[in-house]
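Structure record follows, encoded as structure tokens.
Computed from a predicted structure; not experimentally measured. Reminder, nothing fancy here: chain letters follow the sequence lines and each chain counts from 1.
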Amino acid sequence: MKFTIARNTFIKKLNAVQRAISSKTTIPILTGLKIEAEEDRLILTGSNTDISIETTISTNDEEAHLNIESTGAVVLTARFFGDIVKKLPDNTMLLEVKDGFQTTITSGASEFKINGLDANNFPHLPEVDSQTTITLKADVFSEMINETVIAVSNQESRPILTGIHFTIEGNKLSAVATDSHRLSQRVINLPEPIKMPEDIIIPGKSLLELSRMLDDEIDTITLQISENQALFTFDETLFYSRLLEGLYPDTSRLIPKESSTEMEFEAPELLASIERASLLSHAGRNNVVKLTINAANKQAIISGDSPEVGNVEEEVVTKDIVGEDLEISFNPDYLKDALRSFGHTSIKMAFTSALRPFTLVPTEDQENFIQLITPVRTF
Amino acid sequence: MEDLKNLTNQAVEKQPEIVKRFNEMIDSQHLSHAYLLTGAGGIGKKDVAQWVAMRLFCIDLQGSMPCGECEECTRIISGQHPDVVEIAPDGQSIKVEQVRFLKAEFSKSGVEGARKVFIIEQANKMTTSAANSLLKFIEEPSGEVTAFLLAENRSLMLPTIVSRTEIIELKPLPKDRLIKELTEQNIAETDARILTRLTNDTSEIQTLVDNNWILDAHKALEKWFITATTGDITAFVDVQTRVMALAKDRFYQEKILDLMMLYAMDLLELKFDQETITYEANRRQLQELADQTNVRQLLAVADVLLPLKHQLSQNLNFQSVVEKATIKICNIFKMRGR
């Protein structure tokens with residue numbers, strides 16, 4: 001294998017692939033980056049088995065100045081290969097692999113010789129047959145991930161809850177995450193109905209990593225599903241994620257259909273109040289704040305009482321309150337996460353009783369985005 | 001990477017019957033999802049587990065045998081296959097972090113395909129809580145999963161784990177094969193023969209070979225036994241001067257008693273004209289001794305030596321036990337040679 005390439009382009013692609021490479025791994029070869037030269041393109045692959053990222057540089061790419069003299073493949077230890085490439089003196093670099101996978105990197109007056117590994121030992125990424133392809137707006141999908149990932153569980157006792165559950169019904173793609181204390185659900189309308197073979201559960205960590213890669217330059221992203229992996233494609237990059245296996249709990253029945261008390265407010269206003277109240281609840285032993293709603297006076301009061309440190313009380317600025325009076329206690333961090341996911345918008349909060357979960361939805365789009373929080377029993 | 005190429009899987013040579021059994025299970029699609037493989041160290045437990053993995057993954061099956069050469073097989077043998085997860089104790093025990101990793105792997109789909117194989121070496125070195133937290137995954141794994149738990153003895157495993165696995169006990173390796181393996185490691189054949197009589201566990205054998213313990217022990221006990229069987233009471237002194245230095249701890253003490261017993265057995269074998277004896281190097285001396293004594297005397301020697309191990313397990317002092325036995329043996333042979 002032998003090729004020359006513009007270093008800037010190579011570094012950019014290398015950075016993308018390095019997201020998947022971890023130095024802590026059970027399989028030594030996974031600390032490496034796979035470089036494969038074909039007739040007309042260069043393929044870089046990195047994997048930590050949970051996610052695998054593959055990106056392509058074509059010889060047609062004008063900025064890359066890619067010139068492939070001979071084809072082949074090698075695996076190089078990512079950490080110092082990355083450092084070497086970044087510090088090379090010249091704008092172009094030459095990479096050549098000789099017998100025994102010894103690799104020579106030449107740029108300007110500098111020459112490195114490093115030992116490579118046999119690319120055949122690198123994990124083989126599955127071939128995804130594109131029976132179902134879902135095309136999505138990258139920014140919308142990224143939003144969907146960030147809105148739901150907050151409710152993903154990080155406890156290992158129920159691994160299935162560490163993922164986001166995707167289902168398609170007709171032309172609605174829905175994503176749900178829950179850690180059994182709260183739930184977050186987002187629905188996207190697809191341009192046309194799609195049949196997905198079955199629902200899938202993708203690890204929250206994988207999706208978070210994916211959403212970090214989706215910058216403004218990326219317009220659309222496609223999703224394909226094989227029996228064991230989900231494949232996201234954008235630009236010249238393929239992002240594979242393993243799936244979680246098992247049955248996701250039925251979450252549809254958790255969301256209450258009716259309510260007895262409703263409250264409307266601007267998300268940033270309540271967020272600020274909750275943040276202040278949680279200062280004390282964090283210092284105390286129980287991380288709980290209380291919301292007292294007086295419907296007749298249209299008054300809502302957030303209070304926190306931590307006997308060890310002190311107490312706080314604050315009246316929340318609301319737009320409207322209807323229904324019955326209510327006292328409800330909950331973990332302020334759950335509400336903070338939920339409110340942050342809404343951004344600057346008007347929110348409707350709906351309660352049924354002090355011990356039943358309550359919901360938050362944006363006033364303008366009450367169907368497609370819902371956050372649900374379970375209260376804490378304090379009496 | 002060169003040394004990886006020399007790795008081979010010895011399941012077929014070491015455990016042909018078990019391999020055949022697994023082959024039939026795979027052919028008839030009766031492979032269950034969790035196995036507990038038990039047997040002494042070096043018996044080929046891991047080889048069997050890897051062989052099954054190769055049998056499942058190999059892309060170039062030779063009849064019903066994995067080729068051992070394709071990229072799937074070589075990656076499994078060298079422990080680089082992402083869907084064949086291997087865990088071995090990191091130091092004294094299997095660490096919490098490793099168990100966490102295992103659980104995460106159990107709940108995720110395969111990297112390359114739908115099938116996954118788990119190999120947990122020395123599974124008895126998991127803490128009780130770690131083992132219990134794996135129960136759920138072993139009992140009802142999601143997807144096509146086969147887990148192999150390897151342990152020396154099923155009694156070392158939690159009953160909750162044992163009841164959820166299919167137990168396969170591996171047979172000890174044939175003696176000849178062990179001797180051949182040992183002589184290949186530059187151990188003299190006479191020593192190899194003695195070692196295989198002491199234990200089948202290759203890791204124990206390694207301990208005994210280290211620092212020439214077995215050579216020294218053989219020399220010391222040879223002197224002691226020949227002296228004692230001539231009725232010479234100076235054998236009593238040999239216990240202090242020669243034997244005690246070798247009896248560092250309970251493990252070595254037991255092996256010394258075994259070595260002593262093997263002498264008594266050799267004498268009986270020779271008396272009854274059997275060909276195979278343990279101490280081949282001393283055949284002439286032992287033959288002479290056997291010829292000069294009667295069966296009653298030889299049985300008396302065995303009677304003296306046999307209960308020693310039991311006494312040791314009751315925490316009697318090793319030195320006094322052996323010294324007492326030495327006097328008894330001297331008394332049995334007092335009249336010989338005069």
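Contact count against chain A (heavy-atom pairs under 4.5 Å) is highest for B:Ser107 among B:Ala104, B:Gly79, B:Ser107. Interface remark: of the candidates A:Pro126, A:Pro123, A:Pro159, A:Gly246, A:Pro123 forms the most heavy-atom pairs closer than 4.5 Å to chain B.
Other residues, nucleotides and ligands contribute at most 12 non-hydrogen atoms within 6.0 Å of the CD atom of A:Glu39. Other residues, nucleotides and ligands contribute over 12 non-hydrogen atoms within 6.0 Å of the CD1 atom of B:Ile59. The local environment of NZ in B:Lys103 is crowded, with over 12 non-hydrogen atoms from other residues, nucleotides or ligands closer than 6.0 Å. Around CZ of B:Arg154, the count of heavy atoms belonging to other residues, nucleotides or ligands within 6.0 Å does not exceed 12. The number of heavy atoms from other shown groups lying within 6.0 Å of CD (A:Glu111) is above 12. Atom CD of B:Gln62 has more than 12 neighbouring heavy atoms from other residues, nucleotides or ligands inside a 6.0 Å radius. For CD of B:Glu13, the number of neighbouring non-hydrogen atoms (other residues, nucleotides, ligands) closer than 6.0 Å is greater than 12.
Counting only distance, with no hydrogens or angles, the side chain of B:Lys136 and the backbone of A:Ser157 share a donor-acceptor pair below 3.5 Å. Panel note: side chain A:Asn228, backbone B:Gly113; a donor-acceptor pair is recorded below 3.5 Å.
Residue contact with chain B, scored on non-hydrogen atoms closer than 4.5 Å, involves the backbone of A:Phe122 exclusively. Of the two parts of A:Leu125, neither the backbone nor the side chain holds a non-hydrogen atom closer than 4.5 Å to a non-hydrogen atom of chain B.
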side-chain contact (heavy atoms from CB on, under 4.5 Å) between A:Thr49 and B:Glu105: does it pass, once the steps are laid out? CA-CA 10 Å; A:Thr49 74; B:Glu105 285 294 318; 4.1 Å; yes
Are B:Val111 and A:Gln229 close enough, and set up right, to give a side-chain contact (heavy atoms from CB on, under 4.5 Å), and what steps lead you there? CA-CA 7 Å; B:Val111 178; A:Gln229 300 237 14; 4.0 Å; yes
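Residue B:Lys108 is tested with A:Thr162, A:Leu243, A:Asp50 for a side chain to side chain contact (heavy atoms under 4.5 Å, CB included); the sole match is A:Asp50. For the side chain to side chain donor-acceptor pair (under 3.5 Å) test with A:His124, the passing option among B:Glu72, B:Arg75, B:Glu112 is B:Arg75; the others fail.
Here the closest heavy-atom approach between residue B:Gln80 and residue A:Ile29 is recorded as OE1-CB, 3.3 Å.
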